[in-house]
Amino acid sequence: MKKIIEWFKSSASDFVLFLILLVLLNFVGSNAYVRADLTKQKSYSLSKASKSIVKNLDEPVSIRVFFDKKLPVQYSQVAQYVEDLLEEYKRAANKNFSVSFMDLSKEENQNLAQNYGLRQVQIQEVNNNEIGVKQTYMGLAISYGDIVELIDPVTSSEGFEYKLTSTISKMINTAASLETLKGDDKIQLNVIMSSAIKSLRISGVDVLEDSIEKVCREINKTKMDKLEYNVIHPAVDEVNGYIERYGIQPINYRNANGILETGCIGVVVEYGERFISLPVQIQDIFFNNYAIVGLDTIDESINEAIQSLISKPTQFGYIVGNGELDLATKEGASGFNTALSDLYEIKTLDLSTDDIPASMKSIVINGPKQDMTEEELYKIDQFIMRGGNVLFLVDPLQEMQTNNSFYGQQTTYIENDVNINRLLEKYGVTISKKYVMDSQCCETYHNQYGILELYWAPLLQKEQLNNKNAITSNLGNVIMLQSAPLEIKENDGVKSTVLVESSAKAWTQDPEGLMLNPLVLTPPEDTKSLAKRNLMVLLEGEFNSAFDQAPVSSEKQEEGQGDYSISTHLSKSKQAGKIIVAGTSMITTPQVFPDDASQGIALLLVNAIDYLNGNEELCRMRTKGVTINVLDTQSKAKVTFFQLLNEYGLAIFVVIAGLIVWRLRIKRKIRINRTYNPDDDRFVENDKKSEADK
């Protein structure tokens with residue numbers, strides 16, 4: 001014992017004790033460590049919404065993670081991000097949240113992934129200087145009660161937290177809705193197909209009913225057996241009724257007697273008075289070879305339809321009847337409709353006949369081309385006075401097609417003097433009747449003229465977006481197509497915030513003689529006219545009404561006033577409201593609004609709707625990691641310098657630092673040798689050189 005104590009006291013034990021200390025520190029650190037998220041967007045930290053939903057779980061949520069351990073670098077980083085973020089979920093959650101990382105080297109886990117319906121991802125990998133292709137799983141299976149949802153594949157960290165939190169939220173809402181279905185009340189899954197279609201030479205028709213029935217049985221396992229499968233073979237005289245009601249596909253064919261008849265085919269999920277027709281159709285896939293399409297994703301379509309039918313998403317109103325963009329057509333705002341229909345129930349409102357429901361939080365006015373009646377304007381005004389929120393997308397100009405005997409058909413522009421502007425001016429925003437042109441814009445390539453600049457499509461980065469507001473923080477690459485400059489007037493009790501502005505190299509173009517042609521448009525010679533312009537603004541607070549009193553219709557004037565009158569007119573907001581104004585509706589069209597709504601202007605508009613409906617945390621969650629930090633300089637020489645510095649600077653710095661350290665170590669050796677061994681012959685030559693240098 002005495003020898004052991006002496007050994008501990010001696011210097012011989014220092015190294016061993018140091019190793020033991022490192023092991024203990026690693027053990028403590030692996031079980032009780034502190035993480036600091038230094039990213040500006042807090043990409044590696046959970047938002048308040050995510051923490052709240054997992055902290056208040058009433059039923060167990062189980063997440064199984066299927067990621068191969070041997071992935072190329074770009075995918076292994078995604079896997080590590082997913083693992084780290086799930087650890088954050090576990091720390092914020094209560095006991096009802098659990099995560100399991102499945103070892104895919106085991107065959108039973110691969111079979112489990114396949115049973116869940118996860119699809120293998122094809123990735124490239126390099127082994128022994130050879131490029132190969134690998135099939136592997138990169139997805140999550142989330143279980144809540146009998147409900148199972150997938151996030152598959154997960155090939156990027158972008159938007160992962162938003163996907164996971166929104167999926168868990170949907171599952172909770174779906175489970176609650178399924179439990180409220182009364183007794184034998186079920187959701188109907190109807191396969192509607194004319195009997196005669198089975199005899200036609202169409203690939204997949206013969207297995208359609210059996211395939212969907214099999215999918216129905218599998219889905220019922222996760223939906224509390226609330227899905228009922230039906231097959232309907234309508235008679236010839238019933239076909240038109242089904243086509244008209246459900247909008248399913250009509251099929252023209254000749255019967256055995258050579259007579260032309262019409263049949264139909266479709267798959268419909270129906271509950272109560274609501275229904276959704278699934279994208280299962282007959283298509284010509286190759287030179288008159290017809291086949292059923294849509295069956296490969298039928299399970300996803302059915303699950304999405306069930307979710308949409310039984311859940312009660314937040315509802316917002318879309319005003320129609322005055323030339324607004326159509327939500328149903330590609331020429332209109334169909335992408336805008338698709339992007340929001342997964343999160344919200346969009347209710348179209350014609351204010352000439354409809355009132356804005358009291359329970360509705362927000363409405364959208366997208367591209368009105370005609371004046372509204374005073375009664376319609378008043379409905380919007382009083383909705384705002386009651387604390388309602390509005391997104392105004394109002395064009396400054398209208399396009400007109402004219403025929404010219406010399407040039408043919410031409411597009412001219414006139415001022416869009418719709419009276420909705422009267423309300424906006426009262427609330428504090430004026431839309432100028434002109435377009436903003438910006439040198440920082442989208443470009444196109446022409447074979448003859450080379451790169452052409454589309455000045456009427458400003459391409460805005462994070463410097464032009466308000467990084468302090470949840471709507472626009474973390475965003476970039478926003479295209480404000482054919483937008484008007486906005487002027488803000490200060491109002492008492494109303495806070496104004498510029499969300500989007502042009503670059504400092506922007507100017508305005510009047511409608512007179514305007515041609516949106518990159519060969520014609522050029523920046524003004526007078527640079528004094530170049531300046532930043534406001535393109536989207538947010539107003540928050542208590543607004544004053546644009547009306548002194550309620551407008552009286554002609555009918556009421558004829559009836560007279562009687563012995564008493566009742567007024568419900570609100571002259572000032574009773575609670576704070578929000579108004580977002582942009583001087584263009586073109587940003588909701590397919591020209592700039594992508595189908596997947598995953599970037600740029602699409603994220604901006606979805607965030608705007610979230611903000612108006614009180615879902616501010618969803619905005620920040622959705623846009624984590626979607627922007628890239630770009631170099632803030634206009635000089636090409638500076639860009640080249642910093643590019644070379646990033647590519648070669650670190651290597652050169654390491655070489656120079658290594659040379660300096662090497663020379664310092666040699667000098668240190670010489671200095672030590674002079675002090676303790678001045679007669680050493682090995683350093684005589686070096687000493688002479690040193691003396692000569694002096």
Side-chain angles (χ1 to χ4, degrees), residues 244-245 247 271-276 308-309 311-329 332-334 336-341 343-395 416 418-424 426-427 543 545-547 549-559 566-571 573-575 577-581 585 588 605 608-610 612-614:
E244 185 176 345
R245 170 166 170 72
Y271 179 67
E273 296 297 322
R274 301 176 63 201
F275 65 87
I276 294 176
S308 178
L309 287 174
S311 63
K312 296 180 180 178
T314 302
Q315 188 182 76
F316 74 85
Y318 189 87
I319 306 303
V320 298
N322 303 283
E324 293 84 0
L325 293 182
D326 190 351
L327 288 173
T329 62
S334 60
F336 180 69
N337 180 30
T338 302
L340 289 163
S341 59
L343 304 171
Y344 296 93
E345 180 184 348
I346 305 175
K347 182 177 178 62
T348 56
L349 298 172
D350 186 341
L351 296 182
S352 63
T353 56
D354 301 327
D355 291 324
I356 303 174
S359 59
M360 191 171 281
K361 291 183 179 180
S362 63
I363 61 174
V364 175
I365 301 173
N366 187 18
K369 302 293 188 295
Q370 302 160 12
D371 283 344
M372 296 182 179
T373 65
E374 290 297 296
E375 287 75 15
E376 290 174 311
L377 291 175
Y378 187 69
K379 288 179 181 180
I380 297 171
D381 177 83
Q382 292 299 288
F383 173 71
I384 295 171
M385 295 305 107
R386 296 195 303 269
N389 310 306
V390 187
L391 172 61
F392 289 95
L393 304 173
V394 183
D395 298 301
N416 186 30
V418 288
N419 57 6
I420 195 77
N421 290 312
R422 195 181 84 211
L423 295 186
L424 293 175
K426 180 65 178 182
Y427 304 143
F543 300 92
S545 174
F547 291 81
Q549 61 183 10
V552 181
S553 66
S554 57
E555 286 185 10
K556 291 182 179 178
Q557 287 180 351
E558 291 175 2
E559 291 173 1
I566 299 174
S567 175
T568 58
H569 173 71
L570 300 176
S571 59
S573 295
K574 294 304 178 183
Q575 55 181 321
K578 304 170 190 173
I579 295 175
I580 298 176
V581 183
S585 69
T588 63
L605 290 173
I609 297 296
D610 280 341
L612 294 179
N613 284 284

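All values below were derived from every heavy atom in this structure, side-chain atoms included, with hydrogens, water molecules and symmetry-related copies excluded.
Not a single donor-acceptor pair under 3.5 Å links the side chain of Gln315 to the backbone N or O of Ile346. In terms of modelled atom types and a separation under 3.5 Å, the side chain of Asp350 and the main chain of Ser352 share a donor-acceptor contact. Of the possible donor and acceptor atoms, one in the side chain of Gln575 sits under 3.5 Å from a partner among the backbone N and O of Arg386. Checking side-chain atoms of Asn389 against main-chain N and O of Leu612 turns up a donor-acceptor pair under 3.5 Å. The closest donor-acceptor contact from the side chain of Ser573 to the backbone of Phe543 lies under 3.5 Å. Looking at Asn613, its side chain does come within 3.5 Å of a backbone N or O of Ile609 through a donor-acceptor pair. Side-chain atoms of Lys379 come within 3.5 Å of backbone N or O of Asp354 as a donor-acceptor pair. For Asp381 (side chain) and Ala546 (main-chain N/O), a donor-acceptor pair under 3.5 Å exists by modelled atom type.
Annotation for Asp395 and Gly367: closest pair OD2-CA, 3.8 Å, computed over non-hydrogen atoms. Here the closest heavy-atom approach between residue Met385 and residue Tyr427 is recorded as CE-CE2, 4.2 Å. Scanning both residues, Ala333 and Tyr318, for their nearest heavy atoms gives CB-OH, 4.3 Å. Nearest heavy atom pair, residue His569 against residue Ala550, reads ND1-N, 3.9 Å.
At least one side-chain heavy atom of Ile579 sits less than 4.5 Å from a side-chain heavy atom of Val581. Side-chain contact between Pro551 and Leu377 is absent, with no heavy-atom pair separated by less than 4.5 Å. The shortest side-chain heavy-atom distance between Leu393 and Ile365 does not fall under the 4.5 Å cut-off. Residues Lys369 and Asn322 form no side-chain contact, since every pair of their non-hydrogen atoms from C-beta on lies 4.5 Å or further apart. The shortest distance between side-chain heavy atoms of Ile380 and Glu376 does not fall below 4.5 Å. Residues Met372 and Ile319 are in side-chain contact: their nearest non-hydrogen atoms beyond the backbone lie under 4.5 Å apart. Looking at Leu424 and Phe392, their side chains come closer than 4.5 Å, going by heavy atoms from C-beta outward.
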- Query: Does the side-chain contact (heavy atoms from CB on, under 4.5 Å) test come out yes or no for Ile363 and Phe316, once each step is laid out?
  - Reply: CA-CA 5 Å; Ile363 61 174; Phe316 74 85; over 6 Å; no
- Message: Quick one, Tyr344 with Asp610, criterion side-chain contact (heavy atoms from CB on, under 4.5 Å). Give me CA distance, side-chain angles, the key distance, then yes/no.
- Response: CA-CA 9 Å; Tyr344 296 93; Asp610 280 341; 2.3 Å; yes
- Item | Worked verdict on Lys347 versus Met360 for side-chain contact (heavy atoms from CB on, under 4.5 Å) | CA-CA 10 Å; Lys347 182 177 178 62; Met360 191 171 281; 4.1 Å; yes
- Determine, step by step, whether Ile420 and Asp371 satisfy the side-chain contact (heavy atoms from CB on, under 4.5 Å) criterion, reporting the C-alpha distance in whole Å, the side-chain angles of both residues, the deciding distance to 0.1 Å, and the verdict. CA-CA 7 Å; Ile420 195 77; Asp371 283 344; over 6 Å; no
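Atom-to-atom distance recorded for Thr373:OG1 and Leu351:CG is 8.0 Å, nearest 0.5 angstrom. To the nearest 0.5 Å, the span separating OG1 on Thr588 from CD on Glu324 amounts to 11.0 Å.
In terms of the side-chain contact (heavy atoms from CB on, under 4.5 Å) criterion, residue partners of Ser334 (sequence neighbours excluded) are, by chain and number, Lys330.
Between Tyr378 and Phe547, the ring-plane angle classifies as perpendicular under the 30° and 60° cut-offs.
Residues Glu345 and Arg274 are not paired through a salt bridge, judged by the lack of any N-O separation under 4.0 Å between the basic side chain and the carboxylate.
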